[in-house]
Number of protein chains: 2
Amino acid sequence: MSARRTRVLELAVLGLLYEAPLHGYELRKRLTFQLGAFRAFSYGSLYPCLKEMLRQGHVSQTPQAEGSARGGRRSRIVYRLTDTGHEHLHGLLTEVAPATSDDECFGVHFALFGHTGPDVRLRILHGRRDRLHTRLADLRARLAHAPGPADDYTFELYRHDAESVEREIHWLDGLIAREQRDARSRPGPAPPRPGPPV
Amino acid sequence: MSARRTRVLELAVLGLLYEAPLHGYELRKRLTFQLGAFRAFSYGSLYPCLKEMLRQGHVSQTPQAEGSARGGRRSRIVYRLTDTGHEHLHGLLTEVAPATSDDECFGVHFALFGHTGPDVRLRILHGRRDRLHTRLADLRARLAHAPGPADDYTFELYRHDAESVEREIHWLDGLIAREQRDARSRPGPAPPRPGPPV
DNA sequence: GTTAGCATGTAAGGAGTTACATGATTTT
DNA sequence: AAAATCATGTAACTCCTTACATGCTAAC
């Protein structure tokens, strides 16, 4: 029961590097504008993270971009995923999945769905939906206590929250149905997708 | 420009103690189940927070509940807001307001709207709406780039996100309109509400 | 008499931020 | 030559969590 640590940043970096080798500055831009629907990370966390991942052998660094695409500028350090890192990413994507329904992690996981199999996707979607159901029940219980005149704002907040949760559940229902349909039309165990164009 | 620190917990505790004196255990329950739409704080952060607030004179502690309501159990330590603490809360509620449109803080601020004047409420609501507008523009810009076949999930996430943001903006528009109507029907400078039943 | 719930705390650590320091290159 | 942008990094700090330690009372 050793509380699995989340490390959203690590997951996001692994996911982006899976698609293409990148240097730190570019990585940060993509974190902000691609996974940026969720949050922006600072260099103060990104660079130490890369350093640690390097130490663990999940990424390798090569100074400067290779031959072509000569940009000039300060010498970049390009990071790329190693085989170990690839395995690690796959592990995070599958093992951690069920616990990963909290707002932040769900977004990142979802954005990386293209790298996973349908089974993993369904696990994550179900996990998220279950949590939202719990949350909705909780909100409704609170809404059941009619608000005092001074509690108007709290009440209104719960109401809006409950509505949002309902809508997200509905959205998830649709996604789950689609995944199941896809899984049926392409039966058998889900093959891990082949690597991206490197 | 000294980056105002947020300290959600402090604000939430001040807000709850404004309504009634409470001991730590009860405070935590209310944090979870009353402001709990947002997050649950652990004792490991709550008690040190109370200690610090005590040191700063924002709260005072009295051992055991007064005379009545003898519960037995372990001796409780009841905290209540001091005058300084009251001023501090008022300061946080007004000064910090504009910067406080990030998801977590907005919820807590909103839940404490009952303690503020209409001017503060409008500032916070407007701040929140402005941020959401920015975010929506950002999301739409990304949606404008038609997704590659592999980016389906990212695209779908943006789409759902944009819809949620739109709905919240609409919600805020309604609230803002209501506040303005209220302000007109009761003109003049907003009087700070009288204290709660102590 | 042991488990469950109430109640208060501390120590260590995790995941990130801000502010700072540095330096190259391109644009104005 | 100044300013903006690209690029990498470190030190100190923040706010919170987990895991632990303690003890009291009520219920089984």
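As the structure is a prediction and not an experimental result, all values here were calculated from the model. Below, chains carry the letters A, B, ... as their sequence lines are ordered, and counting in each starts from 1.
One can place CD1 of B:I77 at 14 Å from C1' of C:dC6, the figure rounded to the nearest angstrom. If you take CZ of A:R28 and C1' of D:dT5, they are 13 Å apart, rounded to a whole angstrom. The nearest whole Å value for the distance from the OH atom in A:Y25 to the P atom in C:dA24 is 17 Å. As a whole-Å value, the separation of B:R7 CZ from C:dT17 P is 18 Å. For the pair B:H23 NE2 and D:dG23 C1', the interatomic distance rounds to 15 Å; values are reported in whole Å. Atom CG of A:L11 and atom P of C:dG16 are 11 Å apart (whole Å). Remark: P of C:dA7 and CD of B:E26 are 8 Å apart, rounded to the nearest angstrom.
For A:R159, the side-chain hydrogen bond (donor to acceptor under 3.5 Å, both in side chains) criterion is met by A:E156, A:E163, not counting sequence neighbours. Under the side-chain hydrogen bond (donor to acceptor under 3.5 Å, both in side chains) criterion, B:H23 pairs with no residue at all, not counting sequence neighbours.
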Is there a salt bridge (charged side-chain N to carboxylate O under 4.0 Å, His left out) between A:E168 and A:R131? Walk through the geometry before answering. CA-CA 11 Å; A:E168 185 169 346; A:R131 287 219 190 182; over 6 Å; no
Begin from the C-alpha positions of B:Q56 and B:H88 and carry the test side-chain hydrogen bond (donor to acceptor under 3.5 Å, both in side chains) through to its verdict. CA-CA 10 Å; B:Q56 296 189 328; B:H88 185 55; 5.3 Å; no
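Rounding to the nearest 0.5 angstrom, the gap separating the CG atom in B:L125 from the CH2 atom in B:W171 is 8.0 Å.
A heavy atom closer than 4.0 Å to some atom of DNA chain D occurs in A:Y43, A:G44, A:Y47, A:K51, these being the qualifying members of residues 41-54 of chain A.
Side chain of B:R76, nearest nucleotide from C:dA7, D:dC16, D:dG9: C:dA7.
With DNA chain C read from its 5' end, the first of the two nearest nucleotides for B:K29 and B:Y79 is the one closest to B:K29.
With B:R129 contributing its side chain and B:D173 its backbone, the two residues share no donor-acceptor pair below 3.5 Å.
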